[in-house]
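The sequence lines fix the lettering, A, B, ..., with proteins before strands; numbering per chain opens at 1.
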Amino acid sequence: MKVYITTPIYYINAEPHIGHAYTTIAADTLARFYRMAGYDVFFLTGTDEHGQKIYDAAKKQNVSIKDFVDRNTETYRKLWNMLHISYTRFIRTTELEHEETVRNIFTKLLQKGDLYKDDYTGYYCIPCESYAIPEDENNPLCPDCKRPMNKISEPSYFFRISKYTKQLEKYIEENNFVKPDFRKNEVLNFIRSGLHDVSITRKNVEWGISAPVSENYTIYVWFDALINYLSGIGYLHNENLFSKFWPPDVQFIGKDIIRFHHIIWPCLLFALDLPLPKTIFAHGWWTSGKDKISKSKGNTISPEKIIDEYGLDALRYFLLREVPFGLDGEYSEDIFKKRYNSDLANDLGNLVNRTLNLVETKMSGIIGNIPANMEIIKITGEVFEKYQAKMQKIAFSEALEEIWRYISFLNRFLDEKAPWREGCSNVEEILNNTIYGIRSAIIMLTPFIPDASIRIWQMLGLEETPESNGFKLLNQKIPEGIKTNKREIIFPRKK
RNA sequence: GGCGGGGUAGCUCAGCAGGUAGAGCAGCCGGCUCAUACCCGGUAUGUCGGGGGUUCAAGUCCCCCCCUCGCUACCA
């Protein structure tokens, strides 16, 4: 049983922001879930390092291109460490092996006749240094800066995606390839309007993988970038690894790069006679005051700042709980705090705290050996079934809702049994059941909030970590005579 | 313009094989007091965007209109 999960590789010209963190945390959570479920998981992420913008940025800063990309890729790696991203491999498109793979694929497609040479015509805005499509072809103005554009034409290699139109349409219709569902129609519409072949070489871009042809071309960065999903898992280099994990099970992307991933990427795989990914899931944006978060609008959300104030797990929890995965979400400090206080502090945090306090005061901190009763075991089993189903369909917020219903149930259970009452005769039984419930909740929560889970785990005095035994631990009873450790507040309430 | 979503409690949304509206949060009342002033119970509120139609019965089906969002090809 294997699972291959990817994030996009991030374009290192930009500083990482909440959007990058979002995609990567989602992928990490799913990867952790499948590991705990006993799968062999390969989780790929990395950086996209070619292109004119990067070249220019390096020049502007007066550093060598090598130093520039090395330094910038490191900022991503550092952030992923800070977010405890459990990637299997971090790929860079400047790696020799990747570059070789890209060239090999180019040659393959050329030989197959899926690449051909033609003139690329487009409108170019010199001040913006970018291609764009003007609204009015008779009076071409740049959509960004509104200045006149030049029509330019240059020879280029084209990838014959038009050839795969029917095949792609059929695949999308019959599979869960495009997620969320509402994107499926969008993509199908686009395909049905007819696919145009795409240019995959550039003449005027110096910083890129040189195309394996006699002329002086570099390979278009998008073509280069998509291939990371192949080169990152050993395509043409490590046949064992590749055949074990191919195809991807879930590829996470932002909704801005749907075109590349739902159209060009599958066509590339058709051309290479490779099976397509099972699912490519496009998530939404975080907005702040209705605007998409971006540096230029000055409404960026710094993951570091949130972590400083609330902790890493609060951030991870919020991002995956607040909004159904796939839709846009609104971020504000107020919304964040509300979610944090009501779910993490009041419901989960307080449940753990009050229970441990009772174990300390009523049972000298020793968890007794009366096993959980059938009712709790049954309910836990049902919750796990639902949780698992939600996770498998990548409905993170729904999975968390299931767990929180369970946490509410445990709080209610404690209230009804009231083991703090004078003369309560079965304190030990009640608390053991509650502890069993907390342990179960923590196991299910571990993919989302790995750190807090471990800390709670240790407070309970349990052995190893919740990850080490995976979900099968849910069926096992808590060992006898466990001694709880010093209590601390994991999610302090915020004023 | 074309195609596709939406418009339901203060907020975020669920309900849509048609049978006189639900959840979470916020609010209010009460209980409890082991606990992070927490938890538990109870509870109000809605002309279900507007109009017309089908039906014994319509957020739920049909038609028209209004508003809103997304997609409508090469920036990574």
Side-chain angles (χ1 to χ4, degrees), chain A residues 8-14 47-54 93 120-123 125 128-133 143-144 156 158-159 161 180-200 202 205 220-225 254-260 263-264 284 290 321-324 327-330 334-335 338-339 341-362 397-398 401 404-405 407-408 410-421 424 427 430-431 434 487-495:
Chain A
I9 46 174
Y10 302 108
Y11 198 59
I12 53 169
N13 195 32
T47 45
D48 184 6
E49 308 186 4
H50 292 300
Q52 193 62 35
K53 280 188 186 172
I54 287 168
T93 54
Y120 172 79
T121 305
Y123 290 87
C125 176
C128 294
E129 294 180 15
S130 67
Y131 290 89
I133 295 177
D144 289 331
S156 171
F158 282 80
F159 175 33
I161 61 171
D181 292 324
F182 66 89
R183 298 279 176 205
K184 196 165 175 169
N185 249 329
E186 270 177 36
V187 174
L188 280 172
N189 254 345
F190 185 83
I191 295 170
R192 286 167 185 154
S193 71
L195 293 183
H196 304 352
D197 295 341
V198 290
S199 157
I200 62 158
R202 292 290 124 106
V205 175
Y220 180 41
V221 276
W222 259 109
F223 195 76
D224 166 2
K255 66 180 184 179
D256 54 330
I257 52 177
I258 285 177
R259 181 73 33 82
F260 297 96
I263 308 282
I264 300 176
K290 290 193 163 188
R321 169 61 185 84
E322 184 63 21
V323 163
L327 302 183
D328 289 354
E330 169 79 5
D334 204 50
I335 296 171
K338 232 175 217 170
R339 182 57 76 188
N341 275 339
S342 84
D343 292 5
L344 294 177
N346 295 354
D347 293 345
L348 173 61
N350 187 49
L351 171 67
V352 171
N353 192 245
R354 69 198 294 217
T355 307
L356 281 175
N357 179 261
L358 287 164
V359 173
E360 273 169 34
T361 56
K362 302 282 178 185
S397 63
E398 292 176 31
E401 281 176 53
W404 252 261
R405 261 193 279 278
I407 288 169
S408 291
L410 293 171
N411 269 319
R412 221 177 308 127
F413 175 80
L414 215 46
D415 270 286
E416 280 163 11
K417 307 289 181 189
W420 49 85
R421 266 182 333 215
C424 176
V427 174
I430 295 163
L431 292 180
T434 313
R487 230 175 347 125
E488 52 180 318
I489 304 297
I490 307 273
F491 298 110
R493 265 186 77 86
K494 298 282 181 185
K495 270 287 129 228

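- The glycosidic torsion of B/G59 lies within 90° of 0, placing the base in the syn range.
- If you find the closest nucleotide of RNA chain B to A/Arg487 and to A/Val221, the one lying nearer the 5' end belongs to A/Arg487.
- For A/Arg259, the side-chain atoms get nearest to B/U72 when compared with the rest of B/C25, B/C32, B/U72.
- Nearest nucleotide to the side chain of A/Glu186, out of B/C3, B/C71, B/C40: B/C71.
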**OP:** Apply side-chain contact (heavy atoms from CB on, under 4.5 Å) to A/Ile200 and A/Asp224, showing your working.
**Re:** CA-CA 9 Å; A/Ile200 62 158; A/Asp224 166 2; over 6 Å; no
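- Rounded to whole Å, the P atom of B/U54 lies 22 Å from the corresponding atom of B/U20.
- Listed nucleotides B/U33, B/U36, B/C39 differ in distance to A/Asp415; the shortest reach to its side chain belongs to B/C39.
- A donor-acceptor distance shorter than 3.5 angstrom exists from the side chain of A/Thr93 to the backbone of A/Glu49, with no hydrogens or angles considered.
- Taking atom P in both B/G22 and B/C48, the straight-line distance is 15 Å, to the nearest Å.
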**OP:** Could you please spell out the steps behind the side-chain contact (heavy atoms from CB on, under 4.5 Å) verdict for A/Asp343 and A/Leu348?
**Re:** CA-CA 6 Å; A/Asp343 292 5; A/Leu348 173 61; over 6 Å; no
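- Judged by Watson-Crick or G-U wobble contacts below 3.5 Å, the nucleotide B/C3 has B/G70 as its partner.
- At least one side-chain heavy atom of A/Ile263 sits less than 4.5 Å from a side-chain heavy atom of A/Ile191.
- Taking 4.0 angstrom as the limit, A/Arg405 places none of its side-chain polar atoms (N or O) nearer than this to OP1 or OP2 of B/G24.
- Within 4.0 Å of A/Tyr10, counting heavy atoms only, lies no atom of the nucleic acid at all.
- Among the heavy atoms of the strands lying under 4.0 Å from A/Arg412 are primed sugar atoms or P, OP1, OP2 only; no base atom is included.
- Of all the heavy atoms in A/Trp420 and A/Lys362, the pair that sits closest is O-NZ, 3.5 Å.
- For A/Leu195 and B/U72, the CG to P distance is 13 Å, given to the nearest whole Å.
- Within the nucleic acid shown, A/Phe491 comes within 4.0 Å of at least one base atom, counting heavy atoms only.
- The aromatic rings of A/Phe223 and A/Phe159 stand perpendicular to each other, their planes meeting at an angle above 60°, with 30° marking the opposite boundary.
- Using P as the reference atom, B/G5 and B/A9 are 22 Å apart when rounded to the nearest Å.
- As the counterpart of B/G59, no nucleotide is assigned, since no Watson-Crick or G-U wobble pattern has both distances under 3.5 Å.
- Counting to the nearest Å, the P atom of B/C32 and the CG atom of A/Asn357 are 20 Å from each other.
- Nucleotides B/C25 and B/C64 have their P atoms positioned 41 Å apart, rounded to a whole Å.
- Taking the P atoms as reference points, B/C16 lies 36 Å from B/C29, given to the whole Å.
- If you check every strand for non-hydrogen atoms under 4.0 Å, A/Gly51 touches nothing.
- For the C1' atoms, the distance from B/U68 to B/A44 is 30 Å, rounded to whole Å.
- Taking atom CD1 of residue A/Ile12 and atom C1' of nucleotide B/C75, one finds them 16 Å apart after rounding to whole Å.
- Across all strands shown, B/U54 remains unpaired; no Watson-Crick or G-U wobble contact has both distances below 3.5 Å.
- Spacing between atom CD of A/Glu398 and atom P of B/G24 amounts to 16 Å, rounded to whole angstrom units.
- Within 4.0 Å of A/Arg183, counting heavy atoms only, lie sugar-phosphate atoms of the nucleic acid but no base atom.
- Here A/Asn353 lies in heavy-atom contact (under 4.0 Å) with a base.
- Between A/Arg421 atom CZ and B/C39 atom P there is a gap of 20 Å when expressed in whole angstrom units.
- In this structure, A/Asp328 reaches neither bases nor backbone, as no heavy-atom distance under 4.0 Å exists between it and the strands shown.
- Here the side chains of A/Val359 and A/Arg487 are not in contact, with every heavy-atom distance at 4.5 Å or above.
- If you check every strand for non-hydrogen atoms under 4.0 Å, A/Trp222 touches a base.
- Taking atom CG of A/Leu356 as the reference point, atom P of B/A35 lies 13 Å away to the nearest angstrom.
- The partner of B/A44 is absent, by the rule that a Watson-Crick or G-U pair needs both atom distances under 3.5 Å.
- Between A/Ser193 and A/Asn346, the one whose closest nucleotide on RNA chain B sits nearer the 5' end is A/Asn346.
- For B/U60 and B/A21, the C1' atoms lie 11 Å apart once the distance is rounded to whole Å.
- Within 6.0 Å of atom NZ in A/Lys494, more than 12 heavy atoms from other residues, nucleotides or ligands are found, so the atom counts as buried in its surroundings.
- The separation between A/Lys184 atom NZ and B/G5 atom P is 14 Å, rounded to whole Å.
- Counting to the nearest Å, the C1' atom of B/A37 and the CD1 atom of A/Ile489 are 13 Å from each other.
- A gap of 11 Å separates the P atoms of B/G42 and B/A23, to the nearest Å.
- Pairing of B/C25, defined by two Watson-Crick or G-U wobble distances under 3.5 Å, is identified with B/G10.
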